[in-house]
Amino acid sequence: MKYPFQKIEKKWQAYWQKNRINQAVFSKDKPKYYLLEMFPYPSGKLHMGHVRNYTIGDVLARFKKMQGYNVLHPMGYDAFGQPAENAAIKNKADPAKWTKQCIDWMREEMQQMGFSYDWDREVATYLPEYYKWNQWIFLKMFEKGLAYKKESLVNWCSSCQTTLANEEVIDGGCWRCHTKVEQKDLEQWFLKITDFAQRLLDDLKFLKNWPSRVITMQENWIGKSIGVEIYFRLCDKGGRPTDKIIPVFTTRQDTIFGATYIVLAPEHPLIKEIIKGLPQENKVLEFIEKVSKETKTIRTAADVKKEGVFSGAYAVNPVNNEKIPIWVADYVLMEYGTGAIMAVPTHDQRDFLFAKEHNLPMRIVIQNPDEPNLKVEDLTCAYEGEGNQVNSSQFNGMHTSQSKEKIADWMSANPPKWIGPASPKASAEASEISHDKSHGDLSERRREIMGKKTTHWRLRDWLISRQRYWGTPIPIIYCDKCGIVAAPEEDLPVLLPQKVAITGKGGSPLSKVEKFINCKCPKCKSNARRETDTMATFFDSSWYFLRFCSPKYAKGVFDKEEVSYWMPVDQYVGGIEHAILHLLYSRFFTKFFNDLGLLGFSEPFIRLLTQGMVLKEGEVMSKSKGNVVDPDIIIKKYGTDTLRLYIIFAAPPEDQMDWNERAIEGSWRFLNRVWNLIENYEFKGNDSSSSEDKESKDLRQKTHLTIKNVTDDLAKDFHLNTAISSIMELVNAIYVVLSKNNNNKSSDLAVKEAIKTVILLLAPFAPHLSEEMWQRIGNKGSIFKESWPKFDSNAIKQDTITFIIQVNGKVRATMELPVDIDEEKLKATALAESNVEKWVKDKTIKKVIIVPKKLVNIVVG
RNA sequence: GGGCAAGUGGUGGAAUGGCAUACACGAUGGACUUAAAAUCCAUUGGCCGCAAGGCUGUGAGGGUUCGACUCCCUCCUUGCCCACCA
């Protein structure tokens, strides 16, 4: 008989809603458990990726609930963003209406999946009651100097007509539409995430329950390098050192004596000044012009030949007063370090290739201990390894493992070996060399030293301005008299105007809405203008997990007491694609709130599970490939529980899973087998007396072993797929007993216990079926009010064990023997076994290894 | 170029130092059926053998160990992340 999933699923979904089974109530009586899945972008339709993500989360949430935790399991919508705006342009619809419609559809689909969300806590980021707090947070950051406006080269997507954060540029393209990203000079709002770089890096060590690859990805992204900023001095046309300084950053200060030229990035602000009036001027300008036309992707492709030109100018190396030429080349990037490098062709492969190409001088300063007395003429590539210093003045003979530190200290503490004008004073001109304050503060730079130990970060400040309509308005006002002024807190939210013409072209749509733009300056009351950019939507999602704790709280961004109870999130489940973006931003926001004194912790997510993608025949499901499997169709055919079970069973949660239309039949068959356990078996009636026959005992043992295995799998390492295998094994064992006994009452008690256990263990995976069966075997109320079964250690205890008998490590027999058999007897029994005897006779027994309760290995020679 | 994963039957996968391939899909054979579907039963890594049993087998090669899918070294392959990062 097939189980009637249509009826059952509707029935229990209605029951859960009516009885508020999933409502999370603030209560300190029970331990809390906050389980969160990454909220979706409301596209209007759940795809298999969502189904997998939310099923994994739901299994864990329901399991924790049955274990007696007070579970918070909320859901919401990341509702601002370009897709809705683009859909609105396409359909000539209002993005707000469109978004609301999509949310309604998605909510219905999620309810149809039977996910145990507390729907009273639903949040949607496009609602003023939510984005008001985005604006509040922004103002707090502005107040603390963490939100600032700056003109700089930024990533620009011509297709999306907006700027992008560094984290949103993937392989040189826009993360949404893959259009090649251009560099544009624009004035934009940034968040100073770089102020948190050290803490974001250090605190990764607390995230013991995050996948190591996410940790590594974040480490790489933050990208700390420790080195030395070395101060080269620019020479005038007569070749004498001036007081202008060119700082270069290196992590290889041990090679400073081998620096034979300097290279500036083509965008370096000092170049034009350096080349003025020199014969090379035009050639250099032409080169800069040429490079500026290349996209970053082309320029940074690894196999491209390095190109460059001599600037005509020279600089002086502070450690030995050596005059070396300044080049301009495309292999040096303005974004990293100081935009200038010292080139050591003998010990850096890029410099080596460039020097060979342009016939630049080389000098060996590190000798490879395995290949000493290397000469420049013999080099076919740079030697980048460790070794002993040569040609390095007082450091000669020292190994790089020591010299690195020694040279850094020496440069930081000693004056440069200038010849020429006396120690130069800090000049305003010189401080313009640095293009970004985060790369080292020139005003503090001491000119009395050769260099300074410095740390550089790959992490850049977070660009949050978007020239789009569908987002949170940045609450800033521009006044001709007062400059940049924060919108007053009492005026929040600065509402996003309705009925705005959106074309997707020609800058921020809000800039054309006179009513929105024109306002009074909060300070001087004269006419002023509002900021027309909106916030990147990653801003919205960087704190939504906090809002869930008190979603309707009107007096502040969140209720401190509720947050201190529920937070941090105990288990977060989501896609690996957010390994950097969302997860880094959320960590940053949490630290910021912690600094404000609003939170008593600085990491938002204790445990993280990144689920794998759902593929079809090895390919990502996508509309363009036409290989999308619609969850709705599967649900209509097999029901939600089958879909949920299959998606968990098919692969471990972290791995990719390949959608297999046929394999889902197995899950469907299994649920029917479970259903038929009570259809075919007379469950009601008096329990017959417990029997001590072997069959009952074995089944009881299997039941309790299954409880142990499933509990471990769910609690420890997310082995959700094997949890289901264990339940399947138990069901198989029940059928074996039933078929043998033909409903013989002697094993009745054990069978009943086993069936009951199956229903309970299956509840997190197949909640509807379990509820129905639980009721049908005579229980009242929801199964989720039941406690998770506990195994009886006596039932698991075995009297006998199958010992493995090996001879020279090869299995020659297995023997069923008492657990507590003593070693001598075990040895004797094993040796007496006929097959073992065959392998042992005529040979000398060298050794017998006994592993208690497991095996005997007889080593013969 | 650097980093991190992973590599097991026809397929998804299990086993984290102790019986390799649990559980499931598929396949083959059988029962039931007029027939099919559904269901149930049996078999299912390869080779040898009537059988008992044996040999072989977890990407390749080496090592540690009484014993290695598991630990170590070298290499190959695939996936992901970062990348002219100085």
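Quick note on labels: first sequence line is chain A, next is B, and so on, each numbered from 1.
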Under a 4.0 Å heavy-atom criterion, the protein footprint on nucleotides 9-19 of chain B, written with B, S and -, is ---BSS---BB
For the side chain of A/Thr642 and the backbone of A/Ser667, is there at least one donor-acceptor N/O pair under 3.5 Å apart?
no
Would A/Trp462 and A/Phe538 satisfy ring-ring contact (aromatic ring centres under 6.0 Å, His included), going step by step from the backbone distance to the final call?
CA-CA 10 Å; A/Trp462 177 13; A/Phe538 278 110; 7.4 Å; no
Using the test side chain to side chain contact (heavy atoms under 4.5 Å, CB included), find all partners of A/Glu654 that sit at least two apart in sequence or belong to another chain.
A/Pro211, A/Leu609, A/Thr610
If the C1' atom of B/A14 is compared with that of B/C19, how far apart are they to the nearest Å?
14 Å
Distance between the P atoms of B/G54 and B/G59, in whole angstroms?
25 Å
Rounded to whole angstroms, how far apart are CD on A/Glu384 and P on B/C84?
15 Å
What integer number of Å spans the P atoms of B/G9 and B/G57?
14 Å
Residue pairs passing the salt bridge (charged side-chain N to carboxylate O under 4.0 Å, His left out) test with at least one member in residues 712-739 of chain A, sequence neighbours excluded, are A/Lys702-A/Glu729, A/Lys708-A/Asp712, A/Asp712-A/Lys716
Any chance you could lay out the side chain to side chain contact (heavy atoms under 4.5 Å, CB included) test for A/Arg812 and A/Ile805, step after step, and finish with the verdict?
CA-CA 6 Å; A/Arg812 296 301 176 189; A/Ile805 317 297; 5.7 Å; no
Please figure out whether A/Thr216 or A/Arg673 has its closest RNA chain B nucleotide nearer the 5' end.
A/Thr216
Could you tell me the separation between the CG atom of A/Leu645 and the P atom of B/C25, rounded to a whole number of Å?
12 Å
Quick check, are the ring centers of A/Trp668 and A/Tyr646 under 6.0 angstrom apart?
no
Between B/U58 and B/G49, how many Å separate the two C1' atoms, rounded to a whole number?
26 Å
Complement of B/C32, any strand, by Watson-Crick or G-U distances under 3.5 angstrom:
none
Does this structure show an ion pair linking A/Glu405 with A/Lys453, if we count only N-O contacts that are shorter than 4.0 Å?
yes
Using O4'-C1'-N9-C4 for purines and O4'-C1'-N1-C2 for pyrimidines, with syn meaning within 90° of 0, is B/G9 syn or anti?
syn
Could you check A/Glu167 against A/Trp221 for side chain to side chain contact (heavy atoms under 4.5 Å, CB included), going step by step and ending with a plain yes or no?
CA-CA 9 Å; A/Glu167 288 80 6; A/Trp221 188 260; 2.9 Å; yes
Heavy atoms under 4.0 Å, any strand shown: does A/Gly666 hit a base, just sugar-phosphate, or nothing?
sugar-phosphate
In whole Å, measure the gap between the C1' atoms of B/C71 and B/A86 for me.
38 Å
Looking at A/Arg669, I'd like to know whether one of its side-chain N or O atoms comes within less than 4.0 Å of OP1 or OP2 on B/C25.
yes
Tell me which of A/Trp668 and A/Ser212 sits closer to the 5' end of RNA chain B, going by the nucleotide each one is nearest to.
A/Ser212
Could you list all N or O pairs between the protein and nucleotides 55-58 of chain B that sit under 3.5 Å apart?
unit_1 : atom_1 : unit_2   : atom_2 : d
B/C55  : OP1    : A/Arg812 : NH2    : 3.2
B/C55  : OP2    : A/Arg812 : NH1    : 3.0
B/U56  : OP2    : A/Lys810 : NZ     : 3.2

Does the structure show a Watson-Crick or G-U wobble partner for B/U43, both distances under 3.5 Å? Name it, or say none.
B/A27
Scan A/Arg350 against the nucleic acid and name what it touches under 4.0 Å (heavy atoms): base, sugar-phosphate only, or nothing.
base
Using the C1' atom in both, what is the distance from B/A20 to B/A68, to the nearest Å?
11 Å
Assigned partner base of B/C84, Watson-Crick or wobble definition, under 3.5 Å
none
Find the partner of B/A38: check Watson-Crick (N1-N3 plus N6-O4 or O6-N4) and G-U wobble (N1-O2, O6-N3) distances, both under 3.5 Å, and reply none if neither fits.
none
Separation of A/Phe232 atom CZ from B/A86 atom C1', in whole Å?
12 Å
CZ of A/Arg252 versus P of B/G2: gap in Å, rounded?
15 Å
Distance-only, no hydrogens or angles: does the A/Gln798 side chain make a donor-acceptor pair with backbone N or O of A/Ile801 under 3.5 Å?
no
Taking only nitrogen or oxygen atoms into account, show me every contact under 3.5 Å that the protein makes with nucleotides 42-50 of chain B, one pair per line with its distance.
none

Any strand: nucleotide that pairs with B/U64 via Watson-Crick or wobble, under 3.5 Å
none
Is any side-chain nitrogen or oxygen of A/Arg458 closer than 4.0 Å to OP1 or OP2 of B/A83?
yes
Tell me every residue that passes side chain to side chain donor-acceptor pair (under 3.5 Å) with A/Asn835, counting only those two or more places apart in sequence or in another chain.
A/Lys838
With a 4.0 Å cutoff (strictly under), does any side-chain N or O of A/Lys847 reach OP1 or OP2 of B/C66?
yes
How many angstroms lie between CD1 in A/Ile821 and OG1 in A/Thr829, if you round to the nearest 0.5 Å?
4.0 Å
Pair A/Arg460 + A/Glu335: basic N to acidic O under 4.0 Å
no
Cationic tip of A/Arg673 above A/Tyr735 ring, under 6.0 Å, 45° of axis:
yes
A/Ser725 side chain: which of B/C81, B/A22, B/C40 is closest?
B/A22
Among the nucleotides B/A22, B/C66, B/C84, which one has an atom lying closest to any side-chain atom of A/Val859?
B/C66
Close side-chain approach of A/Ile634 to A/Val629, heavy-atom, < 4.5 Å:
yes
Can you tell me the distance, in whole Å, between the CD1 atom of A/Ile850 and the P atom of B/G67?
17 Å
Protein-nucleotide distance (A/Asn808, atom CG; B/U65, atom P), rounded to Å:
15 Å
Would you mind reading off the distance between A/Asn676 atom CG and B/A38 atom C1', rounded to a whole angstrom?
11 Å
Whole-Å distance between B/G79 C1' and A/Glu577 CD?
16 Å
As its Watson-Crick or G-U partner within any shown strand, both distances under 3.5 Å, B/A5 has B/U78
Suppose you measure atom C1' in B/U21 against the same atom in B/G45; what distance do you get, rounded to whole Å?
8 Å
With C1' as the reference atom in both, quote the distance from B/U8 to B/C69 in angstrom, rounded to an integer.
7 Å
Can a donor-acceptor pair be found, under 3.5 Å and without considering hydrogens, that links the side chain of A/Glu229 to the backbone of A/Gly451?
no
